[in-house]
Structures are given as structure tokens and as C-alpha cells.
Chemist: 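One structure coming up, written as C-alpha cells, with questions to follow.
For the single chain, residues carry numbers from 1 onward in sequence order. Just so it is clear, the values below take in all heavy atoms, side chains as well, and ignore hydrogens, waters and symmetry mates. Order of appearance sets the numbers: ligands from 1, and atoms from 1 within every ligand. In this text the structure is predicted, and so the values were computed from the model without any measurement.
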Amino acid sequence: MLENIRIVLVNTSHPGNIGAVARAMKTMGLEHLVLVNPDYFPHPDATARASGADDVLHRARCVASLEEAVADCALVFGASARLRTISWPQLDARQCGERIAQEPPAVNSALVFGRERIGLTNQELEHCHYLVHIPANPEYASLNIGSAVQVLGYECRMAQLSAPAVAAVDEDYATGDDMDRFYLHLLEVLQQVGFYDPANPRQLSRRLKRMFNRLRPDKMELNILRGILTSVQKKFETSE
Ligand code: SAH
């Protein structure tokens, strides 16, 4: 049922927490765990804390970067204990579950969780369509990562249980990988035409990413944008 949702843990330092996450996932029917550069994995503490959910650990995939973890995802949520200074579209845990339940089954979604000590960086949040916050006690809002996965997993499960059958529309949304290639191309062209100066980037790249994440282009729309960029480049190169 929650087949199209993956849990991504970024740079987890305590292997016991990875086990606690696996257990929380299995109780909620989530199966796909991706670990970005864990400090220790596999590790006996992870297996011990996973209890009967060690099958989730065995199937976990380790990757070197968040980009790689969400490359084939078209909807990415970054879970954050803090409300950020950077403004980014934000949902609470319940809205996050409902949002995923509305997606066509072919869309892969990722819930991304940060480091125990410092959470997710702002650069990592730029890969996310939404920031998700569990509205806990504002004076003590930082849950253990296993508990955070439990709460979000529960909301995803509840939303799926009460969702009406999703219409079989299958919009071919651009994935993280498509978007990364598009941003590279866009910034390259903006630099060529003199609009973007990497020595003085200000907030341009972040603002553009926020805008395109909000738009959520599909693959065909992204191809049009890439085509526009290429024709600007051609024109610019011949006039130079
Ligand atoms: N001190 C860190 C908290 C890390 S807790 C910080 O200030 O960000 C580890 C991870 O659990 C966080 O990165 C986040 O992904 C998740 N988490 C903890 N509390 C949360 C909350 N209230 N809402 C959403 N995610 C939370």
C-alpha cells in the first residue's frame, strides 16, 4: 500500500537510531529505507533496535548523496524540527500524509530525515518540494528520529486508509534527477548571458529552485524549458 514511499536518513550518527527507524517503518507498512552516508552501518546496535524489522535493514540501500537517494522521486519532503529562516513551502505531518495519498501510485515520494545533531542543511532542503514539521511542543520540538519517522509513517498510513481510490491519472512528473540536470543547464545559460554571477550568487539559485519545485513541471514541460535554454545558447554562441 505504501509501496511508493521511501524513507531517507541523511548522515545518521547512531546506528541504534537506524534500527529504531526500521522498526517504526515496519509497524506502519513502509518498506524502503535509503541511508545517505551513515556513520556506522551495518552495526549490531541497528540490528538490536530493529527487533523483528531487520528485514527492512537488510534491504536498505546505502548511497553517497541525497541527490542519489531521491534521483527517481518526483515528490520530496524534508522533515525538520526547526522552522527555518529560509522560507520554503511547509506542511504539518497530517497534511504531508494527505498530500502523498493524493499522488498517482506511479509517483515515488521520499521523506527525508536529518542528522541527530544538526538536522538537514538548507542546501539539502533545496531538493525538497516541502518542509514537513511535526507541530510538537515549541519549547522542545526535536523528536528522536525514530519517533519522527513513526509519526510521519502513521500519518501516511492513516491518509492512505481513508483516501478514496486515486483516479488512474498518471502525470509524468519530472524526477529529482531531471530537475538537477535542468538547474545545471539553467544556471549555465544564465551565466552565459550575464544574468548570474557565481562569484556573487545571492539567493538566485535558491529562489529559482523554490519556484520550480512549486510548479512541479512534468517531463514534457521540462523538455520545453530545456529546448528554450538550448536555443538561447545557440543564438548566443553564434552572436559571440
Ligand atoms: N537538532 C536537530 C534535530 C534533529 S532530530 C535540529 O535542530 O534540526 C533528527 C531528525 O528528526 C530531524 O532532522 C528531522 O528530520 C526529524 N525530526 C525531529 N523532530 C521533528 C519535528 N518536530 N518535525 C519534523 N521532523 C522532526
Chemist: Does any N/O atom on G114 come nearer than 3.5 Å to any N/O atom on ligand 1?
Modeler: yes
Chemist: Output the list of atoms in ligand 1 that are nearer than 4.0 Å to some heavy atom of E116, sorted by atom number.
Modeler: 1 (N), 2 (C), 3 (C), 4 (C)
Chemist: Using a 4.0 Å heavy-atom threshold (strictly under), name the region of V132 that reaches ligand 1: side chain, backbone, both or neither.
Modeler: backbone
Chemist: For D55 and K26, what are the C-alpha separation, side-chain angles and deciding distance, and is it a salt bridge (Lys or Arg N to Asp or Glu O under 4.0 Å)?
Modeler: CA-CA 9 Å; D55 56 322; K26 189 163 177 178; 3.1 Å; yes
Chemist: Backbone, side chain, both or neither: what part of S147 comes under 4.0 angstrom of ligand 1, heavy atoms only?
Modeler: neither
Chemist: Write out the residue and atom name of the closest protein heavy atom to atom 24 (C) of ligand 1, then the distance separating them to 0.1 Å.
Modeler: S80 O, 3.2 Å
Chemist: Test salt bridge (Lys or Arg N to Asp or Glu O under 4.0 Å) on E124 and R115 and set out the steps.
Modeler: CA-CA 11 Å; E124 285 162 348; R115 299 158 188 82; 2.8 Å; yes
Chemist: Which ligand 1 atoms are under 4.0 Å away from a heavy-atom of R82?
Modeler: 6 (C), 7 (O), 8 (O)
Chemist: Under a 4.0 angstrom heavy-atom cut-off, which atoms of ligand 1 come close to H133?
Modeler: 22 (N), 23 (N), 24 (C)
Chemist: Tell me whether the guanidinium CZ or amine NZ of K219 lies under 6.0 angstrom from the six-membered ring centre of Y173 and within 45° of its axis.
Modeler: no
Chemist: Any donor-acceptor pair under 3.5 Å linking the side-chain atoms of S109 with those of E103?
Modeler: no
Chemist: Heavy-atom contacts under 4.0 Å between A79 and ligand 1: side chain, backbone, both, or neither?
Modeler: both
Chemist: Checking the N or O distance criterion of under 3.5 Å, is ligand 1 in contact with L143?
Modeler: yes
Chemist: Identify the protein heavy atom lying closest to atom 16 (C) of ligand 1, giving its residue, its atom name and the separation to 0.1 Å.
Modeler: A148 CB, 3.7 Å
Chemist: Tell me if a side-chain donor or acceptor on N4 pairs with a main-chain N or O of A106 at a distance below 3.5 Å.
Modeler: no
Chemist: Looking at atom 2 (C) of ligand 1, what's its closest protein heavy atom, distance included?
Modeler: R117 O, 3.6 Å
Chemist: Taking atom types as modelled, is there a side-chain donor on S87 or R210 under 3.5 Å from an acceptor on the other?
Modeler: yes
Chemist: Using modelled atom types only, decide if a donor and an acceptor are shared between the side chain of Q95 and the backbone of D92 within a distance under 3.5 Å.
Modeler: yes
Chemist: So do the side chains of R206 and N122 get within less than 4.5 Å of each other, counting heavy atoms only?
Modeler: yes
Chemist: Using distance alone, decide if ligand 1 has a nitrogen or oxygen within less than 3.5 Å of any nitrogen or oxygen in N144.
Modeler: no
Chemist: Consider every N or O of I134 and every N or O of ligand 1, then say whether any pair is closer than 3.5 Å.
Modeler: yes
Chemist: For ligand 1, find out whether one of its N or O atoms is nearer than 3.5 Å to an N or O atom of A141.
Modeler: yes
Chemist: Is S142 in polar range of ligand 1, meaning some N or O pair under 3.5 Å apart?
Modeler: no
Chemist: Quick one: does T238's side chain have a donor or acceptor within less than 3.5 Å of a partner on K234's backbone?
Modeler: yes
Chemist: I'd like to check which ligand 1 atoms, numbered from 1 as shown, lie under 4.0 Å from a non-hydrogen atom of R115.
Modeler: 4 (C), 9 (C)
Chemist: If the plane angle is over 60° it's perpendicular, under 30° parallel, otherwise tilted; pick one for F77 and Y130.
Modeler: parallel
